[in-house]
Amino acid sequence: MHPKTSGIGAALLAVFVLAGALSGSGHKNKPAAADAPTASVAPSQEPATSATSPAPTPTTPTPTTPTLTSSAARSASPGKISAAPVDRTQRGRITALTLLATIPIKGRAAQTGYDRDQFGTAWTDDNNDPLGHNGCDTRNDVLGRDLSGVVFKAGSNGCAVLTGVLRDPYTATTIRFTRGSSTSTAVQIDHVVSLSDAWQTGASRWTEQTRTDLANDPLNLLAVDGPTNESKGDGDTATWLPPNKAYRCAYVARQVAVKARYQIWATQAEHDAMSRVLSMCPNQAAPIESGAAHIDITPPRTATPTPRRSTAAPIQTRTPPSDVYYENCDAVRAAGAAPIHLGDPGYSAHLDRDGDGIACE
């Protein structure tokens, strides 16, 4: 080859190599930078972006509406949620210590006028609680719930408990229950918030039906050792706690949940005692009963969610004391107050049959 021709060829070759190198620097398959590794993403998902990662190529995602249920729904939207059925196993799982902060502190009212009959016939099935109107009295309902190895009386439609075994929460002992005039009292049903205490902290102003509902609410009832229940009497947290120290957190959490549900106040001494117990177990959850009216008090939010449009009033996080009272939803509607949300004047558990925090919908 001629020397001049050879020189021209070498120059052309250098140009081609340089062009190839330049085009490779912008190729879409260039390896990611060391501080921004690529993530493996399933075809149906979008990759999550990080505050420290390079911004992705702008796209216009298709708007989606998540299915909202339980407490997550309450946190995401302050109004009524109807996007999906309520998951009652998850709703209201807030700590008892948080719930305690919502309970008003007042002095104890006089016991004048108190009588057990003010709370309806003992263990009546005629109540508006989850186990009401099921053909079985409340005592047997609770025995059937709390005892294991239960044997029911033939012909009682699975109601009358003949025998069973109780792992007593108050004493941590095992009690074998046998139905009979001289043996039944070995296991008694305790009102966790005693009816006398409730009378002196708000219930004296209620209707008899609402008091009947409190007396038969499964949230306020436990099958326990009979003699220990008798030693408790009408004591509140300031004067009595279960001998089984391992159960005290759960016991006080249940009292707090009952007082919050029925808007019963606490005395200063009782509130202080509750706080002392729960400070030893700050993560103790407030209990809920399957199918029972929900304690619809939303815990403090850790982030500000995107608000959703709603025509319903926001659910309040505290139930202020109120002198407004409605006998039934007809009275609420006649007053032009329907619907009533938890925290609104006149809201009461007996008006909120489905326990969603909105009464007389």
Side-chain angles (χ1 to χ4, degrees), residues 88 113-147 150 152-162 164 179 181 184-185 187-224 229 234 254 257-264 287-295 325-334 338 340 342 346-361:
R88 290 189 181 272
Y114 168 72
D115 187 275
R116 174 60 180 84
D117 291 343
Q118 296 279 8
F119 290 79
T121 303
W123 311 132
T124 177
D125 188 40
D126 186 15
N127 63 73
N128 297 319
D129 297 303
L131 300 178
H133 304 288
N134 66 353
C136 187
D137 65 274
T138 303
R139 174 177 164 81
N140 277 295
D141 279 333
V142 177
L143 289 174
R145 181 196 68 180
D146 291 354
L147 273 59
V150 172
F152 295 96
K153 182 180 180 180
S156 68
N157 294 320
C159 173
V161 175
L162 291 179
R179 187 185 187 92
S181 58
S184 289
T185 55
V187 174
Q188 297 179 14
I189 308 302
D190 179 35
H191 288 101
V192 179
V193 172
S194 74
L195 303 185
S196 174
D197 177 61
W199 179 268
Q200 298 173 77
T201 54
S204 62
R205 300 182 299 177
W206 301 348
T207 63
E208 183 176 334
Q209 182 60 61
T210 302
R211 290 194 289 264
T212 299
D213 292 342
L214 170 68
N216 293 276
D217 191 332
L219 180 67
N220 194 34
L221 301 173
L222 288 175
V224 299
N229 182 49
D234 296 333
R254 187 170 286 267
V258 171
K259 288 195 173 245
R261 175 174 294 172
Y262 286 89
Q263 305 171 47
I264 304 172
I288 53 175
E289 301 297 316
S290 177
H294 171 54
I295 306 166
Y325 179 80
Y326 296 106
E327 180 75 24
N328 50 44
C329 283
D330 287 340
V332 175
R333 296 186 182 98
I340 305 178
L342 183 70
Y347 175 90
S348 181
H350 78 282
L351 300 174
D352 188 4
R353 295 298 179 86
D354 60 1
D356 65 351
I358 307 174
C360 303
E361 301 171 64

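We're numbering straight along the sequence, starting at 1. Because the structure is a prediction, the values reported are computed rather than measured.
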* Asked: Does the side chain of Thr138 reach to within under 4.5 Å of the side chain of Leu131, using non-hydrogen atoms?
  -> no
* Got Tyr114 and Leu195 here, is their nearest side-chain heavy-atom distance under 4.5 Å? -> yes
* Take Val150 and Leu143 through the test side-chain contact (heavy atoms from CB on, under 4.5 Å) and record every step on the way to the result. => CA-CA 8 Å; Val150 172; Leu143 289 174; over 6 Å; no
* Heavy-atom side-chain contact between Phe152 and Leu162 under 4.5 Å -> no
* Asked: Does the side chain of Asn128 come within less than 4.5 Å of His133's, by heavy atoms?
  -> yes
* Nearest heavy-atom neighbours spanning Ala198 and Ile264 -> CB-CD1, 4.1 Å
* **From OG (Ser196) to CZ (Arg116), nearest 0.5 Å** => 12.0 Å
* Closest approach of Asn140 to Cys159 (non-hydrogen atoms, all atoms of both residues) -> CB-O, 3.3 Å
* Structure fact -> Scanning both residues in full, the closest heavy-atom pair of Asp117 with Glu208 reads O-OE2, 4.0 Å
* Taking the side chain as C-beta and beyond, is there a heavy-atom pair between Asp217 and Val258 under 4.5 Å? -> no
* Counterpart residues, salt bridge (charged side-chain N to carboxylate O under 4.0 Å, His left out), relative to Asp330 (two or more places apart) -> Arg333
* Identify the heavy atoms of Cys360 and Ala338 that sit nearest to each other, and give their distance. => O-CB, 3.6 Å
* **Interatomic distance, Asn229 atom CG to Asp190 atom CG [nearest 0.5 angstrom]** => 4.0 Å
* Asked: Within the distance-only criterion (no hydrogens, no angle test), does the side chain of Arg179 pair as donor or acceptor with the backbone N or O of Ser184 below 3.5 angstrom?
  -> no
* **Check ion pair Arg261-Asp213 (N to O, under 4.0 angstrom)** => no
* Side-chain heavy atoms of Asp126 within contact of Thr212, under 4.5 Å -> no
* To do: Could you list the residues that satisfy side chain to side chain donor-acceptor pair (under 3.5 Å) with Thr201, not counting sequence neighbours?
  => none
* **Single hit among Val142, Asp125, Thr124 for side-chain contact (heavy atoms from CB on, under 4.5 Å) with Asn216** => Thr124
* Hey, could you give me the CD1/CZ distance between Ile288 and Arg254, rounded to the nearest 0.5 Å? => 10.5 Å
* Asked: So does Asn134 have more than 12 non-hydrogen atoms from other groups sitting under 6.0 Å from CG?
  -> yes
* Asked: Is there a donor-acceptor contact under 3.5 Å linking the side chains of Tyr262 and Asn220?
  -> no
* Asked: Which pairs pass salt bridge (charged side-chain N to carboxylate O under 4.0 Å, His left out) with one or both residues in residues 133-146, sequence neighbours excluded?
  -> Arg145-Glu289
* Donor-acceptor pair, side chain of Asp234 and main chain of Asp197, under 3.5 angstrom -> no
* Between the side chain of Arg211 and the main-chain N/O of Trp206, is any donor-acceptor distance below 3.5 Å? -> yes
* Would you say Asp129's side chain and Gly132's backbone share a donor-acceptor pair under 3.5 angstrom? -> no
* To do: Output the distance between atom CG (Asn127) and atom OG1 (Thr121), rounded to the nearest 0.5 Å.
  => 11.0 Å
